[in-house]
Number of protein chains: 2
Amino acid sequence: MTDEEEFLAGYDPSRYPAVAVTVDVVALTIRDGVPHVLLVERGRPPFQGLWALPGGFVKVGAEDLDTAAARELAEETGLETPGRVHLEQLATYGDPGRDPRMPVVSVAYLAFGPTMADPQAGSDASDAAWVPVPSLGLTASGAQPPGATRRLAFDHARILSDGLERARGKLEYTPLATAFLPEVFTIPELRAVYECVWGEALHAGNFHRKVLSVPGFVEGTGQTTASGGRRGGPRARLYRSGDARLLHPALLRPGTEDGVR
Amino acid sequence: MTDEEEFLAGYDPSRYPAVAVTVDVVALTIRDGVPHVLLVERGRPPFQGLWALPGGFVKVGAEDLDTAAARELAEETGLETPGRVHLEQLATYGDPGRDPRMPVVSVAYLAFGPTMADPQAGSDASDAAWVPVPSLGLTASGAQPPGATRRLAFDHARILSDGLERARGKLEYTPLATAFLPEVFTIPELRAVYECVWGEALHAGNFHRKVLSVPGFVEGTGQTTASGGRRGGPRARLYRSGDARLLHPALLRPGTEDGVR
DNA sequence: TATGTTGTACTCATATTGAGTTTTACTCAT
DNA sequence: ATGAGTAAAACTCAATATGAGTACAACATA
C-alpha cells in the first residue's frame with residue numbers, strides 16, 4: 001500500500017463541516033431595446049416571495065460547474081443552453097451569512113442569449129420571468145433601493161450588478177454582442193445591442209465602419225432584409241458572426257474616458 | 001414564529017453530502033526580469049513531493065473568500081498581504097475528481113507583489129519557494145510536459161496558466177503593473193515589468209510617451225535615481241502609482257493583432 | 001579620457017478616431 | 001401616385017494615436 005492509498009483509506013469526509021456549493025446564473029437578453037434578466041420568484045423560505053437568480057445546488061464530484069449551471073438554467077426555467085446561449089463563469093461569492101440556512105459558496109455564471117420565449121416556472125420557483133433590468137433600480141455599487149417593486153433575495157443584487165459590468169466590458173473586446181442576436185443580423189441591430197448594454201447612443205457611421213474593419217467580427221451573407229426599416233430607409237445587409245474570439249482592435253466605449261479613477 | 005424561522009428550525013445541514021471549499025493562490029512576482037510563482041512542496045498525500053499553489057480549506061460561514069485567500073497566503077508562506085500585494089479573485093474550479101480525497105471546489109486567487117524575501121515553509125508544506133515560471137514549461141493550453149523538473153499537483157498547472165493569462169490582460173487596461181514594483185519606480189523599470197509579463201520587447205520611447213500620456217497612471221515625485229544605470233546612462237526620474245483604476249486609452253500589447261481566432 | 005549605454009525628447013509617416021455630409025432606398029400618410 | 005420623412009451605407013476631413021526611427025546629454029566603465 002502506498003502512502004497515498006493509506007491516506008485515502010483513513011480519510012473520513014464526514015469530519016468536515018457542512019458546506020453547500022450552489023450555482024447562480026445571471027441570464028441576460030434584450031427585449032424591445034431594454035436589457036432583461038431571468039429571475040424566479042422564490043416559492044419557499046428563506047426570502048419567500050422575493051425574486052432571485054435561477055440556481056441551485058451543485059452535485060460536486062458528479063458534475064462540473066459549467067454543467068451544473070447549464071442544468072440549473074434548464075431545470076428552473078425550461079430554457080435549453082445548447083442553442084445559441086453563451087455561458088461563462090462570472091465570480092464566486094462566499095461571504096458569511098449570505099444564506100441564513102447554512103454556509104453557502106455560490107459560483108455565479110453569466111449567460112447571454114437572443115430574445116427567447118417566456119420561461120416556465122420550475123421546481124422551487126412559484127414564477128419565472130424575464131425582468132427589465134432598469135425596473136430593479138440597481139445602483140452602481142450593486143445595492144437596491146428600499147422602494148423597488150421587485151426585491152432581490154440573498155446578495156443577488158450585487159451578483160447581477162457584477163454580471164452587468166462584466167457584460168459591458170465583454171462587448172468591448174469580444175464579439176459576444178452577437179450572442180444577443182439571432183444567427184443572422186444587421187449592423188444596426190448589432191449597434192442596438194451595444195447601445196442598450198452600454199446605455200449610450202453610438203455614432204451609426206463610425207460603428208458601421210469599425211465593425212466591418214475588425215477582422216473576423218462579422219461576415220456577410222450576401223443577403224439583405226426583406227424590407228426596409230419600420231419607419232423607412234433602405235434594406236439592411238445581413239451578416240452572421242465571424243470566427244474571431246477577440247476583437248482587435250477593441251471597440252472601446254466612449255464614456256469611460258477618465259471615468260473610473 | 002414566521003415561516004422563515006420555522007424553516008430554519010427544521011433545517012438539517014448534515015443531510016448534505018460532504019464537500020470541501022478551498023482557496024488556491026497564484027502569487028506572482030518578478031525576480032531578475034523573470035516571472036516567478038510561489039509554490040509549496042506537498043509534505044503529505046495526495047501528490048506528496050509534487051509542487052502546488054499555496055492554499056487550503058476555507059472556513060465557510062466564518063470568513064469571506066478574500067480573507068481566506070490572504071490568510072492562506074500568510075499561513076503557508078509567512079508573507080503578509082496588507083502591504084503592497086494586490087489580491088483578486090481569479091476563477092473557481094470544481095471538476096469531478098480534481099482531488100482524489102473528496103469532492104472539492106477551489107476558488108483561485110491571483111496575487112501580484114514586488115520582489116519579496118524567500119518564503120518560510122508552513123504547516124502542510126515541506127518547502128516553499130518562488131519558482132521561475134519558465135522552468136515549469138507550461139504549454140499554452142495549461143498542460144505540463146511529462147519531463148518537467150517540478151511537476152504541479154492537482155489541476156494547478158491549468159490554474160497557473162489561467163492566472164498568467166489574466167495577468168497579461170490586466171496589464172493592458174489597468175495600472176496593476178505597478179504592483180510588481182516598489183512604491184517608487186522609474187519608467188524603464190515599469191517597462192521591464194511589461195516586457196517580462198508579455199514576453200516581448202517594447203519600444204522604449206513609445207512606451208515612455210504612452211505611460212506619461214495616460215491620465216492617472218503614474219505621477220512624478222520630482223526625484224531621480226541616485227545614480228545612472230548599471231551600464232551607464234543618465235539618472236532616471238522617479239514616479240509613483242497614480243489614482244487611475246483603469247487605463248484610458250489602454251496599452252495594447254503588440255503581438256495579439258489577429259492572434260486568437 | 002575614450003567608449004559604450006541609456007533615459008528622455010524629438011520627428012515623421014501612417015493608422016485610427018470622432019463628427020459631419022451625401023446618396024440612395026425604403027415606408028407611410030396624404 | 002406623390003411627397004415627406006427616415007435610415008443604411010458610403011464618403012469626407014480634421015484631430016489624435018501609433019510605430020519606427022533619430023538626437024542628445026548624462027552617466028558608468030575601462
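In what follows, every heavy atom counts, from backbone to side chain, and hydrogens, waters and symmetry copies are set aside.
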From [atom1] of [X] over to [atom2] of [N], roughly how many Å is that when rounded to an integer?
X      : N      : atom1 : atom2 : value
B/H208 : C/dT11 : NE2   : C1'   : 17 Å
B/R209 : C/dC12 : CZ    : P     : 14 Å
B/I187 : C/dA9  : CD1   : C1'   : 14 Å
B/L202 : D/dG21 : CG    : P     : 15 Å
B/L252 : D/dG19 : CG    : C1'   : 13 Å
A/L251 : C/dT17 : CG    : C1'   : 12 Å

Check your understanding: Is the number of heavy atoms from other residues, nucleotides or ligands under 6.0 Å of A/R231 CZ greater than 12?
Key ->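 Atom CZ in A/R231 is not packed in, count stays at 12 or less.
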
Point to revise | A/E183, CD: over 12 other non-hydrogen atoms inside 6.0 angstrom | key: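 Open.
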
Contact check, side chains of [X] and [Y], non-hydrogen atoms, under 4.5 Å:
X      : Y      : answer
A/D162 : A/V26  : no
B/F185 : B/V218 : yes
B/T186 : B/L238 : yes
A/L251 : A/L171 : no
B/P249 : B/K210 : yes

Practice item. Please list, by residue number, the residues of residues 222-241 of chain A whose heavy atoms come closer than 4.0 Å to an atom of DNA chain C; answer none if no residue qualifies. Key: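 Those residues whose heavy atoms fall under 4.0 Å from DNA chain C, taken from residues 222-241 of chain A in numerical order, are A/S227, A/G228, A/G229, A/R230, A/G232, A/G233, A/P234, A/R235.
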
Review point. Among residues 188-197 of chain B, which residues get a heavy atom nearer than 4.0 Å to DNA chain C?
Key: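 Correct list: B/P188, B/R191.
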
Exercise for review: Go through C/dA9, D/dA10, D/dT12 for me and flag the one nearest to the B/L212 side chain.
Suggested key: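 Shortest atom-to-atom distance from the side chain points to C/dA9.
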
**Study point:** Nearest listed nucleotide, side chain of A/N206, among D/dA9, C/dG18, D/dA17
**Key:**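 Side chain of A/N206 sits closest to C/dG18.
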
Check your understanding: Side chains of B/D24 and B/Y93: is there a donor and an acceptor less than 3.5 Å apart?
Key ->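 Note: B/D24 and B/Y93 side chains miss the donor-acceptor criterion.
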
Review point. Base, sugar-phosphate, or nothing for A/H203, non-hydrogen atoms under 4.0 angstrom?
Key: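 Base, at least one base atom sits under 4.0 Å.
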
Check your understanding: Is there a side-chain polar atom (N or O) of B/K210 under 4.0 Å from OP1 or OP2 of D/dT18?
Key ->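 Yes, B/K210 has a side-chain N/O under 4.0 Å of OP1/OP2 on D/dT18.
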
Exercise for review: Show the numbers, then the answer: is there a side-chain contact (heavy atoms from CB on, under 4.5 Å) between A/L181 and A/L190?
Suggested key: CA-CA 8 Å; A/L181 295 172; A/L190 185 61; 3.9 Å; yes

Practice item. Provide the Watson-Crick or G-U wobble partner of C/dT30, both distances under 3.5 Å; none if there is no partner. Key: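 Its partner is D/dA1 (Watson-Crick or G-U wobble, both distances under 3.5 Å).
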
